[in-house]
S.K.: 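Can you keep this structure in mind? I'll have questions shortly.
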Amino acid sequence: MELKYIGGVFGGNVKPTDFLCLVLKMLQIQPEKDIVVEFIKNEDFKYVRVLGAVYMRLTGTSLDCYKYLEPLYLDYRTIRKMNRSGEFQTIHMDEFIDELLREERVIDIILPRLQKRIVLEDSNELEQRVSPLEEDLEEMDISEDEEAHRSPSPEKHRGKYKDLDKPSNRSPSPKYKRSRSRSPHRRDRHKRKSRSRSRDRHRDKRHRSPGRRHKDDDDRHRKSKKSKRDRHHRDEDRHKDRGDKHRGDKRDKDRSRHKDRHRDHGSKDSQEIHEANETRAKLGLPPLK
């Protein structure tokens, strides 16, 4: 069978790829470790190398996985991978090896647990991994140091810049003369003022006595107490005004209610007297006063 891509399962009916079938066949055959190592060292057929790497990751120990799979980080060839929807995508060999060593699920297979590399390094079972890029980085650092030594000192450049900054032989304008003559004095005056202010501020802080500090604290405390007392008196006056207003409103309501009752009672008495006088007139009796 000729391998042209890698992958797990695809399609709606979850059909396995040819690569997954070959992995299952190797698990059934159970080849020896030397044969699997030869698969991994094969540089002519990249898919055979991937097949050996997957089998080593499934059956090998943590030490064997780091020992035989980490050298494949230097293989940058492209391989085709089929996803679950049946579409192909291009990845690199070192990316796939990194997934085998770091991920828990690759090509729809749950991989066995892998021991951390740092644990094997601490137990002296595995040497510390040295990246091949470190040599290139060291060479770059050496070349940068050599260039820094070859480059001229900044003092020479500074002298060149000074020559460029010199004014020409032509007479400068009066405005240019005035600005150049006045600016140093202004700058010195501003410096003297700022220094005197900072010195006075520092002297005030340094010569302030502890008694004065305590006095300032007492004044501050007294002012805060006075403000709290004034606030309390204002709240009491406001509450008292509200109570007086409420009492006056209640008194007015009671008076109006009493007047209404008295008026209703008088109207009822006059109506009763009127009815009694009518009945007495019918009977021929004198009316009531």
Side-chain angles (χ1 to χ4, degrees), residues 3-7 19 23 32-83 88-107 109 111-168 187 191:
L3 282 176
K4 295 183 180 179
Y5 59 90
I6 64 173
F19 183 82
V23 172
E32 295 181 359
K33 182 180 176 181
D34 297 337
I35 297 175
V36 179
V37 172
E38 289 299 325
F39 275 20
I40 295 172
K41 291 181 179 180
N42 191 342
E43 297 181 358
D44 297 330
F45 303 101
K46 53 187 177 182
Y47 292 106
V48 173
R49 171 174 275 190
V50 175
L51 183 64
V54 172
Y55 184 79
M56 177 63 73
R57 179 66 179 84
L58 290 172
T59 60
T61 61
S62 301
L63 189 62
D64 291 337
C65 290
Y66 287 116
K67 182 179 178 181
Y68 294 109
L69 297 187
E70 280 186 344
L72 301 184
Y73 277 137
L74 300 177
D75 193 348
Y76 306 116
R77 289 179 291 181
T78 58
I79 53 178
R80 298 174 69 197
K81 182 180 179 182
M82 181 184 284
N83 54 22
F88 290 100
Q89 58 185 12
T90 303
I91 61 172
H92 294 84
M93 179 75 76
D94 57 336
E95 295 178 20
F96 185 73
I97 298 300
D98 190 66
E99 290 180 3
L100 287 176
L101 293 176
R102 294 178 184 273
E103 301 295 333
E104 296 180 356
R105 186 186 183 98
V106 179
I107 57 172
I109 300 175
L111 301 175
R113 185 177 178 82
L114 195 67
Q115 200 171 6
K116 297 290 184 183
R117 195 182 200 285
I118 190 170
V119 177
L120 298 175
E121 290 178 0
D122 292 339
S123 60
N124 296 326
E125 296 181 13
L126 194 67
E127 294 181 359
Q128 189 175 2
R129 182 172 178 270
V130 179
S131 176
L133 297 176
E134 288 187 3
E135 297 180 359
D136 297 337
L137 292 174
E138 289 178 359
E139 292 178 359
M140 289 175 63
D141 293 338
I142 293 170
S143 61
E144 287 178 358
D145 293 339
E146 290 177 355
E147 289 179 0
H149 287 303
R150 289 175 189 170
S151 62
S153 61
E155 294 180 356
K156 296 180 180 179
H157 289 291
R158 202 176 295 131
K160 292 179 181 179
Y161 297 149
K162 284 181 181 178
D163 295 339
L164 292 173
D165 290 339
K166 285 181 180 179
S168 59
R187 209 177 296 120
K191 284 183 181 179

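Treat the numbers as computed from the prediction; the structure is a model and nothing was measured. Hydrogens, waters and symmetry mates play no part in the numbers below; they use all other heavy atoms, side chains included.
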S.K.: Is Leu72 close to Phe96 at the side-chain level, that is, under 4.5 Å between some pair of heavy atoms?
M.R.: no

S.K.: Check whether any side-chain heavy atom of Met93 lies under 4.5 Å from a side-chain heavy atom of Val50, and answer yes or no.
M.R.: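 Yes, their side chains come closer than 4.5 Å.
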
S.K.: Name all residues meeting the side-chain hydrogen bond (donor to acceptor under 3.5 Å, both in side chains) criterion together with Lys33; count only those two or more places apart in sequence or in a different chain, and write none if there are none.
M.R.: Asp64

S.K.: Scan residues 112-121 for pairs that pass side-chain hydrogen bond (donor to acceptor under 3.5 Å, both in side chains), counting only residues two or more places apart or in two chains.
M.R.: Glu70-Arg117, Arg117-Glu121

S.K.: Looking at Leu74, I'd like to know if its CG atom is crowded, meaning that more than 12 non-hydrogen atoms belonging to other residues, nucleotides or ligands lie closer than 6.0 Å.
M.R.: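 Result for CG/Leu74: enclosed.
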
S.K.: My understanding is that only residues two or more places apart in sequence, or in another chain, count here; which of them pass salt bridge (Lys or Arg N to Asp or Glu O under 4.0 Å) with Lys46?
M.R.: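 Lys46: no salt bridge (Lys or Arg N to Asp or Glu O under 4.0 Å) contacts found.
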
S.K.: Going by heavy atoms in the side chains, are Val23 and Leu58 under 4.5 Å from each other?
M.R.: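 Yes, close enough: below the 4.5 Å cut-off.
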
S.K.: Closest approach of Val36 and Gly52, non-hydrogen atoms and distance?
M.R.: CG1-O, 3.6 Å

S.K.: Going by the rule side-chain hydrogen bond (donor to acceptor under 3.5 Å, both in side chains), which residues pair with Arg105 if we only count those two or more places apart in sequence or in a different chain?
M.R.: none

S.K.: Specify the closest pair of heavy atoms between Leu100 and Leu111, including all atoms of both residues, with the distance to one decimal.
M.R.: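 Smallest interatomic distance, heavy atoms only, reads O-CD1, 3.9 Å.
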
S.K.: Can you name the residues that form a ring pair (Phe, Tyr, Trp, His ring centres under 6.0 Å) with Phe88, not counting sequence neighbours?
M.R.: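 By the ring pair (Phe, Tyr, Trp, His ring centres under 6.0 Å) rule, Phe88 matches Tyr5.
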
S.K.: Using 0.5 Å steps for rounding, measure from the CD1 atom of Ile40 to the CD1 atom of Ile35.
M.R.: 12.5 Å

S.K.: Check side-chain hydrogen bond (donor to acceptor under 3.5 Å, both in side chains) between Asn42 and all other residues, then give those that pass, not counting sequence neighbours.
M.R.: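 Testing Asn42 for side-chain hydrogen bond (donor to acceptor under 3.5 Å, both in side chains), a comparison that skips the adjacent residues, returns none.
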
